[in-house]
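First the structure, in the form of C-alpha cells, and then the observations on it.
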Amino acid sequence: MNLDLFDQPDEQPDWAEPLAPGAMVLRGLALATQHEILAALAPLIARAPFRHLVTPGGHRMSVAMSNCGHLGWVSDARGYRYSGIDPDSGLPWPAIPAPWLALALDAARRAGFPDFDPQACLINRYQPGARLTLHQDRNEHQLTQPIVSVSLGLPAVFLFGGDRREDKTQRIPLAHGDVVVWGGPARMRYHGVLPVKPGVHPLLGECRVNLTFRQVT
DNA sequence: CAGTCACG
DNA sequence: GCCG
C-alpha cells in the first residue's frame with residue numbers, strides 16, 4: 001500500500017539516501033501527495049495558530065510552532081512536555097489529517113519501522129532567519145519508534161550530529177518534499193536546522209514548514 | 001543548551 | 001565581515 005506516495009525510484013536513483021545506521025532521507029514526494037499535504041495545513045492553523053514558544057531558559061524560539069494529534073509538544077518556563085490541550089485555546093489539538101498520517105507511516109515503513117503509530121505531529125514554521133539549535137528529542141517514552149520529519153516550502157540545511165552535542169555534525173540540504181527518518185541506534189542523535197535563507201517558495205511563500213511525527217508512548 | 005555569544 |  002501507499003506505493004505512490006513517492007515517485008518511482010527509477011526516475012531518481014538516489015531517492016533514498018542512508019544517513020547513518022537507523023537514519024535515512026527520502027526524496028521526491030509525488031506531486032499529488034504534496035498537494036494533499038498542503039491542502040490540509042490551513043484549516044489546522046486556523047484552529048491552532050502558529051505561536052513562538054519560550055524555552056525553560058526564557059528564550060523566545062525563532063521557529064513558530066503548532067501541533068496536531070492526540071498530543072502536542074509545548075515549551076514554557078515549566079519545561080518541555082507533551083500536552084493533549086492547546087494552552088493558547090484550551091482546546092484539544094486538531095486531529096492529524098489522513099494524508100499526513102499516510103505519509104508518515106509510509107516513510108517510517110520504508111525506513112524499517114513498520115509499527116510506527118504517532119500520536120503527535122509538531123508543525124514548525126521557519127520564516128527567513130529562523131533556526132533550531134542542536135538538540136535531542138527526549139520527551140518521548142517510546143524510544144523504539146523513530147522520528148519522521150517532512151520538509152515543505154523553502155529549503156534548509158539539516159544538521160545531523162551524534163549522541164553527544166560536541167560530536168561532529170553532517171549538513172544535509174533539505175528541499176520541499178524531502179522526508180528524514182531516524183530511529184533505532186540513531187533515535188537520540190543530536191540534530192538541528194541552520195538559519196533559513198530568505199526566499200520565496202511557489203506554494204508556501206516566504207516560509208519553510210516542517211512536520212515532525214512522534215510516537216510519545 | 002529546542003538559545004546566544006565569544007573567539008579564532 | 002563571515003563561518004564554525
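Each chain gets a letter, A, B and so on, in the order the sequences are listed, and its residues count up from 1. We use all heavy atoms of the structure for the numbers below, so side chains are in, but hydrogens, waters and symmetry mates are not. All of these numbers come straight from a predicted model, not from anything done at the bench.
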Check whether any side-chain N or O of A:D106 sits under 3.5 Å from a backbone N or O of A:A102 as a donor-acceptor pair, and report yes or no.
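No, because the side chain of A:D106 does not come within donor-acceptor range (under 3.5 Å) of the backbone of A:A102.
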Is a side-chain N or O of A:R60 found less than 3.5 angstrom from the main chain of A:H52, in a donor-acceptor match?
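Looks like no, no N/O pair under 3.5 Å.
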So what's the dot-bracket for DNA chain B: Watson-Crick or G-U pairs under 3.5 Å, [ ] if a pair crosses, | if it pairs off-strand?
......||
Look for any protein N or O under 3.5 Å of an N or O in nucleotides 2-4 of chain C and output each such pair with its distance, or none.
{"residue": "C:dG4", "atom": "OP1", "partner": "A:R171", "partner atom": "NH2", "Å": "3.3"}
{"residue": "C:dG4", "atom": "OP2", "partner": "A:R171", "partner atom": "NH2", "Å": "3.0"}

Determine the Euclidean distance between corresponding P atoms of B:dG3 and B:dG8; express it in Å to zero decimal places.
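Looking at atom P only, B:dG8 and B:dG3 are 26 Å apart.
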Separation between the C1' atoms of B:dC7 and B:dA2, rounded to whole Å:
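Looking at atom C1' only, B:dC7 and B:dA2 are 24 Å apart.
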[X] vs [Y] side-chain heavy atoms within contact, under 4.5 Å:
X      : Y      : result
A:L38  : A:H176 : yes
A:L44  : A:P97  : yes
A:L105 : A:P118 : yes

Not counting sequence neighbours, list each pair that qualifies as a salt bridge (Lys or Arg N to Asp or Glu O under 4.0 Å) and has a residue in residues 192-212 of chain A.
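Residue pairs passing salt bridge (Lys or Arg N to Asp or Glu O under 4.0 Å), neighbours aside: none found.
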Pairs in or reaching into residues 65-76 of chain A: which pass side-chain hydrogen bond (donor to acceptor under 3.5 Å, both in side chains), with residues at least two apart or in two chains?
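Only A:W73-A:N139, A:D76-A:R81 qualify under side-chain hydrogen bond (donor to acceptor under 3.5 Å, both in side chains).
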Please table the atom pairs, donor to acceptor, closer than 3.5 Å between any side-chain atom in residues 82-92 of chain A and protein atoms at least two apart or in another chain.
{"residue": "A:Y82", "atom": "OH", "partner": "A:E140", "partner atom": "OE2", "Å": "2.6"}
{"residue": "A:Y82", "atom": "OH", "partner": "A:R214", "partner atom": "NH1", "Å": "3.3"}
{"residue": "A:S83", "atom": "OG", "partner": "A:I85", "partner atom": "N", "Å": "3.1"}
{"residue": "A:S83", "atom": "OG", "partner": "A:I85", "partner atom": "O", "Å": "2.9"}
{"residue": "A:D86", "atom": "OD1", "partner": "A:R51", "partner atom": "NH1", "Å": "2.9"}
{"residue": "A:D86", "atom": "OD1", "partner": "A:R51", "partner atom": "NH2", "Å": "3.3"}
{"residue": "A:D86", "atom": "OD1", "partner": "A:D88", "partner atom": "N", "Å": "2.8"}
{"residue": "A:D86", "atom": "OD2", "partner": "A:R51", "partner atom": "NH2", "Å": "2.9"}
{"residue": "A:S89", "atom": "OG", "partner": "A:L91", "partner atom": "N", "Å": "3.1"}

Is there a side chain to side chain contact (heavy atoms under 4.5 Å, CB included) between A:I96 and A:Q119 once you walk through the steps?
CA-CA 8 Å; A:I96 299 178; A:Q119 307 107 317; over 6 Å; no
When every nucleotide of nucleotides 1-8 of chain B is labelled 5' to 3' by its protein contacts under 4.0 Å (heavy atoms), B for base, S for sugar-phosphate only, - for none, what sequence of letters results?
BBBB----
Are A:F158 and A:D178 close enough, and set up right, to give a side chain to side chain contact (heavy atoms under 4.5 Å, CB included), and what steps lead you there?
CA-CA 11 Å; A:F158 182 61; A:D178 291 348; over 6 Å; no
